Amino acid sequence: MREASRNTAAIARKFSDIALLKIVQPCSQSGIARSTRPYGDNSLSRFSPVAAALIAVAVFLLDTLTTFDIAIAVLYVVVVLLSLNFANQTQLVAIGAGCMGLTLLSFLLSHGLELPAESIGRCFVSLAATGITTFLAFRVKAAIGILEDSEQRYRSIFLATGVGILQMDFTGLKTAIDKYKTDGVQSIEDIENLDSGFVRKALRSIKLINANNTALNMFNMPDIDRLGTLLPALVSSEVERKVWNFLASIWAGNHSYEAETVIRTSQGRQLIFLYNVAVPPDRPTLDMVLISIMDVTARREAENELDVARSQLAHVTRIATLGELTVSIAHELNQPLAAVVTNGGAGLRWLRRDVPDLKKVESSIEGMVADATRASEVIKHLRGLSVKSSPNPVNVNLNEVAEETVALLQREIDVNQVTSRFDLADHLPEIHGDRVQLQQVVLNLILNAIQAMAHAPGGRRELLVKSLSEEAAVVLRIQDTGPGIPPEVRDRLFDPFYTTKPDGMGMGLSICRSILTAHGGSINATSEPGAGTTFEVTIPFNKEVG
Ligand code: ADP
C-alpha cells in the first residue's frame, strides 16, 4: 500500500498539473475519466476555422481598401490566436506566414510603388506583431502537446490501475473545520464533544468528482453519480470512529492518511477496504483529494480463518498442557501426600495405644511436617517452571517494550476496533531485566485489555499505554475502557488457573506477578465496574533479576 500511496501522490500531483493545463486551455473538458476528446475539440474549435477565415478576409479588405492612419493588419494576431483552437504546429506556422503575406499584399495593392515612411512603419509593426504572436502560439501548442500526452498517459493509469481511485472535493468539510478553528475550538475531540453528528454532516458535505472503473466495480455501482449519492450511506455507524481519526488527520493538516475500514455495499455485502487519502500540497482548500482503495476482504478472510485455526490449536494445546500439568502435579504431590497420610495414620495408632507412645507420635508429626514442606517445595518448583527458567538480564527501556508489543498486537487492536494511544515519558530510565519476560507481561496485559473491551457492547474502546519514572522505579500503566473488574473477580485476579473466559487458562496474571516479583517489582490493578481497568506495573531500576 505504501507503493500505492506513492503512486496516488504522483497521480495527485499530475492532477494538479492537468488542472493548470485547463486554465491555459479553458475550452477543454473537465475531469480525466470523463474526458474522452482531445483538447481543443469542442464547439468553439468547430467554429474557429470559419471565424478565423472571416476575420482574415475582413482585415485584408479593411487594410487594402481604407486609408486609416493605423496599422489595421495588427488584427491578424486575432486570426493566429483563434487558430490555436484547431491548427497543429505546422498549420499555425502556415497561417502566421499567410497573414504576413496578406499584410504585404495589402501594402503593395494600396500604395503601389510609392513607399511613404509612415506606411512602411505601420506595415513593419503589423508584420512584427503577427510574427511574434505566431512564434508564441507555436510554443504554447508544443507545451499543450506535451501535457496532452502526459494526460493521456495518466488517464490510462487512472482507468486501468487495479487500485480504485476516487477524486473528491472536501472544500465544504475544510470550511467547516476552519470555522471551528476560528471559533477557538482546540482539537477534533472538542468538536466531537460539541457536535457528535459532525461526522455525518462531514460525509454529506464531501463531493465525488470522479472515480475510475475499478472503484465503480468495487462498490458495484453503475456510474459515478450513483456512487457519489450513495457514498455517505456506505459508511456505517460502526466505522464512524475511523472517520473521527481521519478528521483529526485533516485537522492536523496532514497530506496523507492511511487506514483500513469496513464498508457495507448497497447489496449488504461487508467489504474490508485499505485506503489512502492523498491531498496534493498545492490544494490547501482540499478541492481535490484523491482516495486510493484496495479491497483486502479476501486476504483478511483468509487471515481470520488462519486465526481461528490457530486459536483452536492454541486451545487444544492449552488443554493438553493443562492435562500434562495436572498429571505432573498429581505425580509430584502424590508421594509427599501419601507420606503425610502414612505418618498421620502411624501417629494416630501410637496415640490410640493404651499407653500412647508420645516419642513415636512426635516423630510421626515431624515426618508429616517434613512431607508437607516437600509438597509445598514441589508447588513452588512447578510455579517456577511456568516462568522462563533462565532469565537473561539486559538493560531494557520499557517504552520500547510497550511500543513493540502494541505493534505486535496491531491486528488484534484493529480487528476489535480499539484505538490505542501512548503517553510515554521522555528519557525513561532503563531497568535491568529479561526483555522477553517483560514483553510477555505487557503482551498479556494488553491482550486482556483488548479482550475486556471487545466483549463490552458499545462504548469507547480506548487503550492507553502510559509510562513514568518515580524516585527509584519505572511505572507502566495499561488502561482500558472495558467493563472493569467485578468485586468477586478482584480478590482472585492473580490466582493461578482463575479465569472468567470460556477459553481462558487463568495463568496470565499469575505468571505476570511471578515475573515482576523476580524483577523486584510489583503489579496491581485498579478498576471501577463500568469505567475500565488500569493495571500498574512497577519495576525498580538498578535491581538484578532474581
Ligand atoms: P485469562 O486471560 O486466561 O483469563 P489472566 O490471568 O490473564 O487469564 O486473567 C484472569 C482474569 O482476570 C480474566 O479471566 C478476567 O476475568 C480478569 N481480567 C484480566 N484483565 C482484565 C481487564 N483488563 N479487564 C477486566 N477483567 C480483566
Side-chain angles (χ1 to χ4, degrees), residues 307-308 310-326 329 379 382-388 401-402 405-406 408-409 412-413 415-423 436-467 475-519 521-538:
D307 273 357
V308 171
R310 206 182 287 146
S311 81
Q312 279 167 352
L313 190 70
H315 191 54
V316 171
T317 318
R318 270 181 203 170
I319 291 170
T321 317
L322 207 59
E324 274 169 31
L325 215 62
T326 317
I329 292 171
I379 293 172
L382 281 173
R383 204 152 178 247
L385 280 182
S386 61
V387 181
K388 203 169 141 257
V401 172
T405 314
V406 168
L408 211 67
L409 292 173
E412 288 291 320
I413 291 173
V415 165
N416 291 295
Q417 303 188 352
V418 172
T419 315
S420 60
R421 205 154 58 78
F422 286 106
D423 178 8
V436 176
Q437 288 185 359
L438 292 172
Q439 192 159 36
Q440 214 175 323
V441 170
V442 183
L443 188 110
N444 189 63
L445 296 179
I446 295 181
L447 258 183
N448 275 349
I450 296 172
Q451 287 168 356
M453 290 189 280
H455 292 117
R460 303 222 293 202
R461 294 181 180 181
E462 279 174 16
L463 172 77
L464 173 66
V465 181
K466 183 181 170 72
S467 68
V475 174
L476 189 73
R477 286 193 193 129
I478 314 286
Q479 187 178 333
D480 65 56
T481 53
I485 302 170
E488 66 277 12
V489 177
R490 271 201 71 88
D491 300 339
R492 308 194 53 197
L493 212 53
F494 296 96
D495 288 358
F497 302 113
Y498 179 76
T499 180
T500 55
K501 300 171 193 166
D503 58 349
M505 194 170 158
M507 286 302 287
L509 290 176
S510 154
I511 292 176
C512 285
R513 189 152 71 174
S514 302
I515 291 175
L516 290 165
T517 311
H519 282 78
S522 61
I523 178 168
N524 60 57
T526 46
S527 165
E528 231 177 90
T533 304
T534 305
F535 275 90
E536 184 173 285
V537 166
T538 309

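Counting starts at 1 for both ligands and their atoms, following the listed order. Heavy atoms only: backbone and side chains are in, while hydrogens, waters and symmetry mates are out. This one's a predicted model, so the numbers in the text were calculated from it and none came from an experiment.
- Nearest approach of Cys512 to Ile523, heavy atoms of both residues: CB-CD1, 4.3 Å.
- Interface of Gly504 with ligand 1, defined as ligand atoms under 4.0 Å from a residue heavy atom, comprises 3 (O).
- Using a 4.0 Å cut-off between heavy atoms, Asp480 contacts ligand 1 through its side chain alone, with no backbone atom that close.
- The contact set between ligand 1 and Tyr498, taken as ligand atoms under 4.0 Å from a residue heavy atom, comprises 10 (C).
- Residue contacts with ligand 1: Gly484 is included, with a non-hydrogen atom under 4.0 Å away.
- When heavy-atom distances to ligand 1 are checked against a 4.0 Å cut-off, Thr499 comes that close through both its backbone and its side chain.
- Under the 4.0 angstrom criterion for non-hydrogen atoms, Gly506 is in contact with ligand 1.
- Here the closest non-hydrogen pair linking Ile485 and Ser527 is N-OG, 2.7 Å.
- The distance from atom CD1 of Ile446 to atom CD of Gln451, rounded to the nearest 0.5 Å, is 12.0 Å.
- Atom CD of Glu488 has more than 12 neighbouring heavy atoms from other residues, nucleotides or ligands inside a 6.0 Å radius.
- Taking every heavy atom of Ala452 and a limit of under 4.0 angstrom, the matching atoms of ligand 1 come to 22 (C), 24 (N), 25 (C).
- For the pair Asn448 and ligand 1, the shortest N or O to N or O distance falls below 3.5 Å.
- Judged by distance alone, with hydrogens and angles left aside, the side-chain atoms of Arg461 form a donor-acceptor pair with the main-chain N or O of Asn416 at under 3.5 Å.
- An N or O contact shorter than 3.5 Å links Lys501 to ligand 1 by distance.
- Close approach of ligand 1 to Leu493 is summarised as follows: ligand atoms under 4.0 Å from at least one heavy atom of the residue are 12 (O), 17 (C).
- Residue Phe535 approaches ligand 1 through these ligand atoms, each under 4.0 Å from one of its heavy atoms: 20 (N), 21 (C), 23 (N).
- Ala525 and Leu493 get closest at one heavy-atom pair: CB-CD2, 3.8 Å.
- For ligand 1, the polar-atom distance check against Ile485 finds no nitrogen or oxygen pair separated by under 3.5 Å.
- At least one donor-acceptor pair closer than 3.5 Å links the side chain of Thr481 to the backbone N or O of Arg460.
- Annotation: Leu509 places an N or O atom under 3.5 Å from an N or O atom of ligand 1; distance criterion only.
- Nearest heavy atoms, Phe494 versus Leu509: CD2-O, 3.6 Å.
- Residue contacts with ligand 1, taken as heavy atom pairs separated by less than 4.0 Å, involve Asn444 solely via side-chain atoms from C-beta onward.
- With hydrogens and angles ignored, the 3.5 Å screen pairs no side-chain donor or acceptor of Arg477 with any backbone N or O of Leu464.
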